[in-house]
Amino acid sequence: MQEKQLRSIFLSDIHLGTRGCQAERLLDFLRYHESENLFLIGDIVDFWSMSRSIHWTRTQNTVVQKVLRRARKGTRVIFIPGNHDEALREYIGITFGDIQLENDWIHETADGRRFLLLHGDEYDQVTRHHRWVAVLGDVAYNALVRINGGLSRIRRRLGISGYWSLAGYAKRKVKTAVSFIFDFEDSVMHGARERGVDGVICGHIHWATIRESDDLTYVNCGDWVDSCTAIVEHLDGRLELIHWRGEHHAVTALPAPKAEQTASTTTQPEGLAS
C-alpha cells in the first residue's frame, strides 16, 4: 500500500501498557499514514490498568518511539491527557521531547472549520463523580476484550471471516450503554456549542463516529483496543473515519462534505470504556 500524506491524524484510547492494546495494528496504520499534525486525544497510556498489572510489549515501545521520531522530524504532536493518563495533567503547558501537553485544543481544518479537541471524560458523570464505578467498568471491559481475543482465534480456525466484537455487541444490546453513549454525545456537543466552535473531536467512550447535529459536527476517534479506528484530516480539510483491520488493509467510511452530510454517513464500530 502506498504511503498516504494527510494534514492531521487524531488518535485516542490506545491504552499502552495493557494486554488489550492493539499496538501491532496501530504501528501498521502509522507506517502508511504521514501527517503534518498528530493529535493524541487521551488515554494513550493506561496508568489505571498499569497500577494493577503492566503489559508492555516491544511493539508498544516501538509505537512510542515512532511518535517521538515524528515529533523530532517536524510533525506537530499535541497530547491531550484523558482520565486513564490523568497524571500527565499536572504537566499541562509543558513540552516533552517535542510533544506538547494541553488540556484541550482548538484545531482549524484546511477548509476553515474550528474543532474543539478534548478527551471527553469531563462530560462523563460516572467518571467524574463515581470513580469506583468507572474502575469497575474498566475491569469488566478489559475482560470482554480478552474473551473477544479468544473468540477471534476460534473464528479464524473455523474459517469465519470478518471482524466481530463482543464488547460492541454488548453495547448495542444493553439499553443503559446505548443511553450512556447518546447522553455523552449530547453533553459534549453542548460544551462545544458554548465554546463557539464548528465541532468537537473527542474519545473516551470507544465509539467511533462522525455525525452532524444541527449546526455542529460530532467526531469520536474510537479506540485501539477493540475497534482500531482513527480520524484523519485530508489536505483539503475533509475528515474521514478509518477502521484499520491490519495486514496493510483499511476499511474506510467516507463522510460527505459538511453541507451535504446526512445521518446515513454516521458509522458506529465497536468498543466502550470508562
Side-chain angles (χ1 to χ4, degrees), residues 4-16 21 23 26-27 29-46 63-64 66-86 88-89 91-123 188 191-192 195 197-210 216-225 227-244 255:
K4 196 167 189 177
Q5 181 62 42
L6 303 163
R7 188 167 185 264
S8 305
I9 295 174
F10 306 86
L11 303 172
S12 75
D13 298 274
I14 298 172
H15 292 275
L16 292 167
C21 173
L26 176 57
L27 189 59
F29 169 82
L30 291 173
R31 284 174 177 147
Y32 289 92
H33 296 85
E34 290 286 344
S35 63
E36 301 169 17
N37 306 298
L38 174 59
F39 297 103
L40 305 172
I41 310 182
D43 289 2
I44 305 305
V45 181
D46 195 331
V63 168
V64 174
K66 193 166 190 65
V67 171
L68 290 171
R69 192 178 305 117
R70 289 196 176 185
R72 287 197 304 269
K73 291 184 176 181
T75 299
R76 181 172 68 168
V77 180
I78 293 179
F79 188 157
I80 299 170
N83 52 306
H84 283 251
D85 43 26
E86 62 187 353
L88 297 176
R89 287 173 172 165
Y91 305 100
I92 293 299
I94 298 177
T95 299
F96 292 99
D98 300 311
I99 296 177
Q100 185 176 343
L101 265 67
E102 297 290 345
N103 189 57
D104 55 37
W105 189 259
I106 300 293
H107 172 67
E108 184 171 332
T109 58
D111 56 8
R113 290 178 291 165
R114 296 172 68 249
F115 280 85
L116 172 64
L117 276 52
L118 75 170
H119 181 63
D121 59 291
E122 57 265 57
Y123 293 98
V188 172
R195 296 284 292 269
V197 293
D198 297 300
V200 60
I201 301 176
C202 62
H204 186 56
I205 61 171
H206 295 208
W207 192 259
T209 188
I210 299 177
L216 294 179
T217 304
Y218 171 84
V219 183
N220 194 295
C221 301
D223 68 281
W224 288 87
V225 175
S227 57
C228 297
T229 52
I231 300 295
V232 301
E233 177 194 358
H234 292 274
L235 300 179
D236 60 1
R238 178 170 48 91
L239 296 179
E240 177 185 8
L241 168 59
I242 294 182
H243 306 249
W244 192 257

>> Run the salt bridge (charged side-chain N to carboxylate O under 4.0 Å, His left out) test against Arg195 and tell me which residues pass, sequence neighbours left out.
In response: Asp104

> Which atom names give the shortest non-hydrogen contact between Arg114 and Val197, and what distance separates them?
Replying inline: O-CB, 3.4 Å

>> The criterion is side-chain contact (heavy atoms from CB on, under 4.5 Å); which residues satisfy it with Glu34, sequence neighbours excluded?
In response: Glu3, Gln5, Arg70

>> Do Leu26 and Leu11 make a side-chain contact, defined as non-hydrogen atoms from C-beta onward lying under 4.5 Å apart?
In response: yes

> Given side chains that start at C-beta, do those of Thr209 and Tyr218 come closer than 4.5 Å, heavy atoms only?
Replying inline: yes

>> Taking salt bridge (charged side-chain N to carboxylate O under 4.0 Å, His left out) as the definition, give me every residue that meets it alongside Arg76, ordered by chain and number, with sequence neighbours left out.
In response: none

> Which heavy-atom pair separates His119 from Pro81 by the least distance, and what is that distance?
Replying inline: CB-O, 3.9 Å

>> Evaluate Ile106 against Leu116 for side chain to side chain contact (heavy atoms under 4.5 Å, CB included), listing each step before the verdict.
In response: CA-CA 5 Å; Ile106 300 293; Leu116 172 64; 3.8 Å; yes

> What pair of heavy atoms forms the shortest contact from Ser12 to Gly222, and how long is it?
Replying inline: OG-O, 3.1 Å

> When rounded to the nearest 0.5 angstrom, what is the spacing between CH2 in Trp207 and OG1 in Thr229?
Replying inline: 11.0 Å

>> Under the criterion side chain to side chain contact (heavy atoms under 4.5 Å, CB included), I'd like the reasoning laid out for Leu117 against Glu102: C-alpha separation, chi angles, the key distance, then a yes or no.
In response: CA-CA 10 Å; Leu117 276 52; Glu102 297 290 345; over 6 Å; no

> Would you call Phe29 and Ile9 a side-chain contact if the rule is heavy atoms closer than 4.5 Å?
Replying inline: yes

>> My understanding is that only residues two or more places apart in sequence, or in another chain, count here; which of them pass side-chain contact (heavy atoms from CB on, under 4.5 Å) with Ala71?
In response: Val77, Asp98, Ile99

> With sequence neighbours excluded, what pairs up with Glu36 under the salt bridge (charged side-chain N to carboxylate O under 4.0 Å, His left out) test?
Replying inline: none

>> I need the minimum non-hydrogen distance between Ile92 and Arg89, along with the two atoms involved.
In response: CG1-O, 3.1 Å

> Could you state the interatomic distance from CG (Asn103) to CD1 (Ile80), rounded to the nearest 0.5 Å?
Replying inline: 8.0 Å

>> With a 3.5 Å distance limit and no angle check, can you tell me whether Asp198 reaches the backbone of Phe115 through a side-chain donor-acceptor pair?
In response: no

> Just checking, any donor-acceptor pair under 3.5 angstrom between side chains of Asp223 and His15?
Replying inline: no

>> With a 3.5 Å distance limit and no angle check, can you tell me whether Asn220 reaches the backbone of Gly203 through a side-chain donor-acceptor pair?
In response: yes

>> Nearest 0.5 angstrom please: Phe96 CZ to Leu68 CG, how far?
In response: 12.0 Å

>> Ignoring hydrogens, what is the shortest heavy-atom contact between Glu240 and Ile210? Give both atom names and the distance.
In response: C-CD1, 3.9 Å

> With side chains defined as the heavy atoms from C-beta onward, is the minimum distance between Ile205 and Tyr123 less than 4.5 Å?
Replying inline: no

> With His204, which of Asp43, Asn83, Asp13, Asp121 fulfils side-chain hydrogen bond (donor to acceptor under 3.5 Å, both in side chains)?
Replying inline: Asn83

>> If you define the side chain from C-beta out and look only at heavy atoms, does anything of Asp236 sit under 4.5 Å from Asp111?
In response: no

> If you round to the nearest 0.5 Å, how far is CD1 of Ile201 from CD1 of Ile231?
Replying inline: 7.0 Å

> Roughly how far apart are Phe79 CZ and Leu40 CG, rounded to 0.5 Å?
Replying inline: 6.0 Å

>> Which residues pass the salt bridge (charged side-chain N to carboxylate O under 4.0 Å, His left out) test with Arg7, not counting sequence neighbours?
In response: Glu233

>> Between Ser8 and His234 (side chain of the first, backbone of the second, donor and acceptor by atom type, cut-off under 3.5 Å), is there such a pair?
In response: no

> Nearest 0.5 Å, what's the CG-CD1 distance between Leu38 and Ile41?
Replying inline: 9.5 Å

> Is any side-chain heavy atom of His107 closer than 4.5 Å to a side-chain heavy atom of Ile78?
Replying inline: no

